[in-house]
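Here's the structure we're looking at; comments come further down.
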There are 2 protein chains.
Amino acid sequence: MAVTILIVEDELAIQELIALNLKRAGHMVLCADSAEQAKKMVNNVLPDLVLLDWMLPDMSGIEFARKLRREDRTKAIPIIMLTARIQESDKIAGLEAGADDYITKPFSPRELLARIKAVLRRRLPEMSDEIIEMGGLRLDPTTHRVHVYASNEPEKLSEIALGPTEFRLLHFLMAYKERVHTRSQLLDRVWGDHVFIEDRTVDVHIRRLRKILEAVDKENLVQTVRGTGYRFSVECNEESVE
Amino acid sequence: MAVTILIVEDELAIQELIALNLKRAGHMVLCADSAEQAKKMVNNVLPDLVLLDWMLPDMSGIEFARKLRREDRTKAIPIIMLTARIQESDKIAGLEAGADDYITKPFSPRELLARIKAVLRRRLPEMSDEIIEMGGLRLDPTTHRVHVYASNEPEKLSEIALGPTEFRLLHFLMAYKERVHTRSQLLDRVWGDHVFIEDRTVDVHIRRLRKILEAVDKENLVQTVRGTGYRFSVECNEESVE
DNA sequence: ATAAAGCGTTACAAATTTATGACAGTATGA
DNA sequence: TCATACTGTCATAAATTTGTAACGCTTTAT
């Protein structure tokens with residue numbers, strides 16, 4: 001997937017080295033050599049991941065990480081800290097500030113890429129702006145639209161209208177298809193952490209989502225797993241064999 | 001699976017950091033900042049795993065670990081020690097006390113999650129979300145589905161529908177295949193702690209499970225061991241032919 | 001052989017879990 | 001500001017799951 005990575009690093013040599021490697025791996029790369037500049041870039045384009053040097057000329061990396069974590073728009077962006085030192089206190093401070101991982105300089109490109117991959121896999125599937133297409137649905141995160149392939153006329157796409165929450169819910173379920181999610185997992189990851197909402201509310205939103213999908217004969221994509229939660233699945237629900 | 005993890009750690013910053021990461025990974029988290037508090041929590045809810053700080057204000061982590069190991073109800077819980085030091089003597093002491101693994105501070109969330117996974121795989125196979133495949137059955141905890149390889153057509157997989165308890169029961173039996181479990185062991189580990197249910201109820205659920213497996217000619221996977229309990233076994237039970 | 005113990009099986013009512021529709025409070029946008 | 005769209009919560013209905021009791025069969029021990 002086309003991941004946009006912001007590198008915040010003041011040593012140009014290192015910055016370019018990293019950029020080169022990331023580009024080679026197929027990522028979009030943005031570079032900044034100060035927290036100030038990084039902030040401006042973030043305002044323009046929201047990166048999918050930030051590689052953040054520990055020591056920056058104008059502000060410590062930690063501080064910048066905290067800043068990112070504080071704002072709604074950026075708080076979900078994974079951060080990997082780049083640090084020359086391996087002091088215990090530094091690591092703890094970095095992780096506390098909300099870094100997802102850290103890597104100590106010098107590091108091999110291979111190691112960096114592996115960590116990036118791991119962090120993305122852990123944090124992002126539902127955030128990557130990739131179009132998800134399955135089960136006759138086509139969800140486009142960038143345009144915030146969902147289309148349905150008419151079952152009789154495979155060429156024709158009709159759009160369906162979802163409310164904000166239904167959209168996020170469907171997006172999440174599709175991003176992790178076939179997997180069961182408990183209600184609280186859904187609340188955490190679709191509504192957001194720390195929300196204070198009843199579990200049962202999820203049912204209602206599932207219901208709303210299904211109702212919309214019913215209109216286009218796709219309601220069986222969202223399945224109930226009794227005793228556990230819900231699942232988006234392309235496979236048929238149950239096939240008792242005799 | 002939803003693993004409940006108890007964090008016993010007095011430094012709040014670290015405690016929260018760990019909690020955040022575990023939650024993000026889909027675990028249920030309990031926190032205690034002293035052995036005293038931890039003990040109370042354990043009395044209430046039995047965690048599936050304990051992350052235990054080496055140094056605690058009221059009692060050393062080691063001592064608490066020993067306490068857990070001494071009592072029947074808690075002695076099977078895996079323990080991972082969090083320690084700042086890596087002295088050989090400490091390791092030995094920790095192992096003696098019954099710790100399953102160590103992790104030295106500071107550690108990355110990635111590392112912590114990896115160790116948790118490893119320990120769970122080793123100690124509580126039914127909690128690790130791994131697909132179990134044996135005897136022509138394929139159970140996937142993440143999608144919460146069980147498939148059967150049709151015996152005549154090995155390519156074809158058909159799904160079988162299980163109720164919540166049957167699913168957990170089968171999962172447990174498969175995770176510890178070839179091993180006999182008494183009814184009360186099953187009640188403890190499949191139904192949960194502190195349940196007040198008749199032993200014979202297990203029979204009924206075994207019956208229900210078998211009935212479903214009968215439909216796909218797999219009923220002999222769940223075997224009775226007279227005088228003891230039940231067992232999931234791929235080997236044939238005993239077939240004296242006359 | 002006979003009694004006792006251990007299991008398998010079934011039926012059923014109670015308990016739990018979901019689905020659904022309605023409602024009121026908020027946000028959003030014209 | 002007003003109208004419309006969204007949300008979260010409830011109450012109630014519907015559906016499934018569960019634990020027990022009861023009865024009969026098989027194995028084991030006396």
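Naming: A, B, ... by sequence-line order, numbering from 1 per chain.
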B:Leu221 to B:Val234 - nearest heavy-atom pair and separation:
CD2-CA, 4.2 Å
Please assess B:Leu82 against B:Glu9 for the test side-chain contact (heavy atoms from CB on, under 4.5 Å), listing each intermediate value before the final yes or no.
CA-CA 9 Å; B:Leu82 311 177; B:Glu9 162 69 62; 3.9 Å; yes
Separation of B:His205 atom NE2 from C:dG8 atom C1', in whole Å?
15 Å
How about B:Phe167 and B:His144: are their ring centroids closer than 6.0 Å?
yes
Residue that, paired with A:Tyr230, satisfies side-chain hydrogen bond (donor to acceptor under 3.5 Å, both in side chains) out of A:Arg210, A:His205, A:Arg183:
A:Arg183
Quick one: is B:Lys211 getting a side-chain N or O under 4.0 Å of the C:dG8 phosphate, OP1 or OP2?
no
Just the endpoints, please: which first and last nucleotides of DNA chain D, 5' to 3', lie under 4.0 Å from a heavy atom of chain A?
D:dC6 to D:dT17
State whether the side chain of B:Gln37 and the backbone N or O of B:Asp33 hold a donor-acceptor pair below 3.5 Å, judged by distance alone.
yes
Should B:Asp100 and B:Arg69 count as an ion pair when the cut-off is N to O under 4.0 Å?
yes
Could you state the CD-C1' distance from A:Glu198 to C:dC23, rounded to the nearest angstrom?
16 Å
So that I can tick it off, tell me whether B:Glu178 and B:Arg231 are bridged by a salt bridge, with the cut-off set at under 4.0 angstrom between side-chain N and carboxylate O.
no
Show the distances under 3.5 angstrom between N or O atoms of the protein and N or O atoms of nucleotides 11-20 of chain C.
residue	atom	partner	partner atom	Å
C:dT17	O2	A:Arg226	NH2	2.9
C:dT18	OP1	A:Gly227	N	2.6
C:dT18	OP2	A:Arg183	NH1	3.4
C:dT18	OP2	A:Arg183	NH2	3.3
C:dT18	OP2	A:Arg200	NH2	3.2
C:dA19	OP1	A:Arg210	NH1	3.0
C:dA19	OP1	A:Thr224	OG1	2.4
C:dA19	OP2	A:Tyr230	OH	2.6

Could you tell me whether B:Glu214 and B:Arg207 have a side-chain N and a carboxylate O separated by less than 4.0 Å?
yes
